[in-house]
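The block underneath contains the structure these notes are about, expressed in structure tokens.
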Amino acid sequence: LAKTTQPISMDSYEGQEVNITCSHNNIATNDYITWYQQFPSQGPRFIIQGYKTKVTNEVASLFIPADRKSSTLSLPRVSLSDTAVYYCLVGEWQAGTALIFGKGTTLSVSS
Amino acid sequence: GAVVSQHPSWVICKSGTSVKIECRSLDFQATTMFWYRQFPKQSLMLMATSNEGSKATYEQGVEKDKFLINHASLTLSTLTVTSAHPEDSSFYICSARAGEVSNEQFFGPGTRLTVL
């Protein structure tokens with residue numbers, strides 16, 4: 001499994017765009033990049049997934065360069081409710097295969 | 001998306017007793033479910049992979065005789081913490097992949113276990 005490295009914490013203010021970068025130098029050909037969000041005392045929630053280039057959904061964008069050795073989760077115009085831990089996971093997206101979590105990034109949004 | 005529930009959401013027990021936690025996939029069938037443990041301010045740690053109708057596969061360092069996992073149906077997996085001790089106090093989270101719908105892994109809301 002490819003190891004991931006993320007900043008331990010980030011601070012932001014409401015309305016700003018937040019970019020969280022994840023490094024995964026040993027990503028394999030079959031690996032996907034997936035981001036989860038976790039609030040205190042809750043289970044993680046899927047945010048976005050990608051393989052290469054850019055992916056966008058209603059809550060976030062995911063930028064993946066051509067070499068796929070890193071990725072950036074972009075949260076547009078964050079609010080207080082975006083305060084959470086964000087996990088970057090890299091691995092094969094297969095049934096029966098567990099997701100392995102790294103340390104994650106604690107994002108704190110202030111008013 | 002698919003929904004995974006857990007019961008109870010929290011439990012307090014005395015040291016030496018056993019506690020059972022249920023994990024259900026409410027609107028899909030899950031051949032495989034996963035159990036994680038999370039200590040305060042730490043990441044999720046995979047404990048075991050639970051396969052319907054067969055024995056669970058435990059991660060290194062997880063005592064299979066202490067953490068009994070049963071996956072008797074395609075919608076239910078249970079984790080029993082036997083002879084619980086204060087160091088077993090943690091947040092236990094299950095998850096399942098809705099393989100027939102997608103490979104996305106859905107997580108339950110977690111169960112807070114406190115052993116006195």
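Proteins come first, then strands; the chains are lettered A, B, ... in the order of their sequence lines, and each starts at number 1.
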Checklist entry - Step by step, would you call A:Lys103 with B:Gln42 a side-chain contact (heavy atoms from CB on, under 4.5 Å)? => result CA-CA 7 Å; A:Lys103 296 184 183 302; B:Gln42 294 188 23; over 6 Å; no
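- Cluster annotation: B:Val11 is not connected to B:Val4 through the hydrophobic network of ILVMFWY side chains, with a link wherever side-chain heavy atoms come within less than 4.5 Å.
- B:Met33 and A:Ile100 are assigned to two separate hydrophobic clusters, defined by single-linkage of ILVMFWY side chains at heavy-atom distances under 4.5 Å.
- Note on A:Val55 and A:Trp35: same hydrophobic cluster, where clusters join Ile, Leu, Val, Met, Phe, Trp and Tyr whose side-chain heavy atoms are under 4.5 Å apart, directly or indirectly.
- When all heavy atoms are compared, the tightest approach of B:Tyr36 to A:Leu99 is OH-O, 2.6 Å.
- Annotation for A:Ile8: atom CD1 does not count as buried by contact number, only 12 or fewer foreign heavy atoms lying within 6.0 Å.
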Checklist entry - Between B:Phe106 and A:Tyr36, does a ring pair (Phe, Tyr, Trp, His ring centres under 6.0 Å) hold up when you go through it step by step? => result CA-CA 10 Å; B:Phe106 298 92; A:Tyr36 275 79; 8.9 Å; no
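- Linking ILVMFWY residues whenever their side-chain heavy atoms come closer than 4.5 Å, directly or via other members, places A:Leu107 and A:Val59 in the same cluster.
- The number of heavy atoms from other shown groups lying within 6.0 Å of NZ (B:Lys20) does not exceed 12.
- At a heavy-atom separation below 4.5 angstrom, chain B is approached by A:Ser41, A:Gln42, A:Gly43, A:Pro44, A:Phe46 within residues 40-49 of chain A.
- Annotation: the span from B:Gln105 atom CD to A:Thr34 atom OG1 amounts to 9.5 Å, rounded to 0.5 Å.
- When all heavy atoms of B:Gln38 and A:Tyr87 are compared, the closest pair comes out as NE2-OH, 3.5 Å.
- Residues of residues 78-94 of chain B that come within less than 4.5 angstrom of chain A, heavy atom to heavy atom, are B:Phe91, B:Ile93 in numerical order.
- Remark: A:Phe63 CZ is packed, more than 12 non-hydrogen atoms of other residues, nucleotides or ligands lying under 6.0 Å away.
- Counting non-hydrogen atoms of neighbouring residues, nucleotides and ligands closer than 6.0 angstrom, the OH atom of A:Tyr13 reaches no more than 12 such neighbours.
- The hydrophobic clustering, which links ILVMFWY residues whose side-chain heavy atoms are closer than 4.5 Å, places B:Phe34 and B:Met45 apart.
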